There are 2 protein chains.
Amino acid sequence: MQQRRRRDDGIGLDELAQAARNHGMPLEAMRAAVTPAGMHYLLIHYDVPFVDPAAWTLELAGFRQPMRLSLDDLRARPVVTAPVTLECAGNGRVMFETRPLSQPWLLEAVGTAEWTGTPLAPLLQEAGVPDGTVEIVFTGLDRGVEAGNEAPFERSLPLDEAMRDDVLLVYAMNGQPLLPQHGAPLRLVVPGWYGMTHVKWLGGIAPAAQPFEGYQQAVAYRLRTTEDEPGEPLGRIRVRSLMVPPGIPSFPERTRVVGAGPVTLEGRAWSGSGAIERVEVSVDGSRTWADAHLEPAPAPYAWQRWTFEWTASQGEHELACRATDATGATQPMEAEPNLGGYANNAVHRLAVTVTA
Amino acid sequence: MQQRRRRDDGIGLDELAQAARNHGMPLEAMRAAVTPAGMHYLLIHYDVPFVDPAAWTLELAGFRQPMRLSLDDLRARPVVTAPVTLECAGNGRVMFETRPLSQPWLLEAVGTAEWTGTPLAPLLQEAGVPDGTVEIVFTGLDRGVEAGNEAPFERSLPLDEAMRDDVLLVYAMNGQPLLPQHGAPLRLVVPGWYGMTHVKWLGGIAPAAQPFEGYQQAVAYRLRTTEDEPGEPLGRIRVRSLMVPPGIPSFPERTRVVGAGPVTLEGRAWSGSGAIERVEVSVDGSRTWADAHLEPAPAPYAWQRWTFEWTASQGEHELACRATDATGATQPMEAEPNLGGYANNAVHRLAVTVTA
């Protein structure tokens, strides 16, 4: 049975080994619609492979017309650029009362980049998907050991999701060649899905006639409350909003100090299931809520900016924000616990001290 | 008296708030001579300011000819590009038996970028340094609260260090405009000095007739063993080497698994006091040492690559590397403890499991 940690007991040195190399997006980066290179969150399961793009090829095996494509081949295909918000399925893990040993995220495992690549679906059509295919499997060049077994990072998508018009094979980010840590030379981007879906350092794509049973699909990234249930696979990002912490921080505690008077609160909201329809803000410890001003989405799966005018009065305050998406889903005050510490989209609450 | 944490007690949630937003350089990035954007370590004391470069100016106040320069003014001056290794003075803090509440670094707070900017010394000469000046003070646009007091991030340099030929006012990194989190639009780079020296989001430069007494100079970043001594200010980076962990990692523990047979170990070594003259490697738990092959430095303050051919045999091994610089300084097995948890340049030791 997997070891669990209690929130109040702090973080183990093994978890720190993840936290020191991976990183969240400093929340003040939500001032920018497109997250600058290096501020986007990163969760790298194993080591970053340093791949020579000139020697690299993408292998489509198991199709009617197996193919091997170079980066130039992929760049010669139709080009699409879209802003897409990615969020780690484990974002908020440490906010649960207990969690498994993994990357100890607080709230910052999110970011929005402009991804440039070529649509996947026409390539699958050219390769010819065999009859009976139920999923498409994506294999990364990164390898590691999970529960004692060595394997590459691999994930699958149901065929209908893989055939969506907006699923991209991506080679550029924010107008620059993809950085090594973001999957260079090629990664998958599936708008609306949690981060583990967007396989980095893509080496192979293959059809599967049976649901894929790899570790990252059948063991990790499932919502379960007991170890002996299969659980539900994680997929689309749950509705969420976060706030740029107002004022200035203390070091090292990162408490917030705000001057009294008018303050424009701002943040971003997103959902993998549709547009955000409403963001509400509370400035009194979640007792009362008022609508924030919500800006339209720049693209179907890119976060939306919200603002809220607050008159800060001297004293201690707890601010909060919560979003509701087009399906009517709203952020809960507390998320349902689950063994993996996944999908914690609870209301963002933030204590601030207002000075005279 | 400042609260202290014991290594064996793990990491507090307050320390995690730093670790989640700052980040180290994944050690496998040492495969590259120049660290890719977004993989270079980052330690940001307060929030990242998002500065409009068109509205920004640099103020040189208190000089004989006070000046205010735009980014275009600075770009019109002589241009220098140099690879420089930066390391946080707190790198290795968690490896000490006890530490203060701060950023909980393991070993990854290092990186080497190609910095482009204009030399500082000619600008100071044009502005005219007043007689009696002992230091130059550099003020960032970032503000925070330290020990209850609000202040900008500010550091000083002794006048002779500020007048060195190789000290730069930097506006580009790795051939691209400086990223927001690295100090855009302008930062200081003082080759050879620990990271806190290279003030980001530079807003002002001023001469001082007395040693600067700001928090980051007089309280933080000093080597002391008791709270009532002034301590020695930190300056030049101590000699150090690190190793790219061979093989593949487990997730989430990040233990290492290596296949038996020939393995090229590699890493980088650097010092703020001169070239590296020797790197030694141990493959038997620091009992015996042998010289690694050392490559020359690409520039005076850029790290040097080393390699070592190892024949890995099945079983458990502890690898280690240690460097010696031109002054004869060598990495110790254990660094002297100090209250701030600074300058821990102990030998890098790494356990690996070799499989058949």
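Each chain gets a letter, A, B and so on, in the order its sequence line appears, and its residues count up from 1. The model shown is predicted, which means the values in this text are computed figures rather than measured ones.
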**Asked** chain B contacts: which residues in residues 35-45 of chain A have a non-hydrogen atom closer than 4.5 Å to it?
**Response** Pro36(A), Ala37(A), Gly38(A), Met39(A), His45(A)
**Request:** May I ask you to list the residues in residues 105-116 of chain A that approach chain B closer than 4.5 angstrom, counting heavy atoms only, ordered by number?
**Result:**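 The residues closer than 4.5 Å to chain B, in numerical order, are Leu106(A), Glu108(A).
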Relative to chain B, which segment of [X] carries a heavy atom at a distance below 4.5 Å: side chain, backbone, both, or neither?
| X | result |
| --- | --- |
| Val257(A) | side chain |
| Leu16(A) | both |
| Ala29(A) | both |
| Gln176(A) | side chain |
| Asp8(A) | neither |
| Tyr46(A) | both |

**Request:** Keeping the roles fixed (side chain from Glu146(A), backbone from Ser250(B)), state whether a donor-acceptor pair exists under 3.5 Å.
**Result:** no
**Item:** Which residues share a side-chain contact (heavy atoms from CB on, under 4.5 Å) with Val352(B), sequence neighbours left out
**Value:** Pro246(B), Arg256(B), Val258(B), Trp310(B), His317(B), Leu319(B), Leu350(B), Val354(B)
Please look at [X] and chain A and tell me whether the side chain, the backbone, both or neither of the residue comes under 4.5 angstrom of a heavy atom of that chain.
| X | value |
| --- | --- |
| Phe251(B) | both |
| Asp142(B) | neither |
| Pro180(B) | side chain |

Tell me, do [X] and [Y] make a side-chain contact under 4.5 Å, heavy atoms counted?
| X | Y | value |
| --- | --- | --- |
| Glu28(A) | Arg21(B) | yes |
| His23(B) | Asn22(A) | no |
| Leu13(A) | Arg7(B) | yes |

**Full working for side chain to side chain contact (heavy atoms under 4.5 Å, CB included) between Asp14(B) and Arg254(A)** = CA-CA 8 Å; Asp14(B) 39 17; Arg254(A) 292 204 66 81; over 6 Å; no
**Nearest-0.5 Å distance, CG of residue Asp9(A) to CD1 of residue Ile11(B)** =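 The distance works out to 13.5 Å.
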**Complete:** When rounded to the nearest 0.5 Å, the distance separating CD of Glu253(B) from CG of Leu101(A) is 5.5 Å
**Message:** Looking at Arg31(A) and Asp47(B), is any side-chain nitrogen of the basic one under 4.0 Å from a carboxylate oxygen of the acidic one?
**Reply:** no
**Complete:** For Tyr194(A), the ring-ring contact (aromatic ring centres under 6.0 Å, His included) test, sequence neighbours excluded, returns none
**Residue, of Pro26(A), Gly10(A), Pro49(A), that accumulates the most heavy atom pairs under 4.5 Å with chain B** =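 Looking at each option in turn, the highest pair count goes to Pro26(A).
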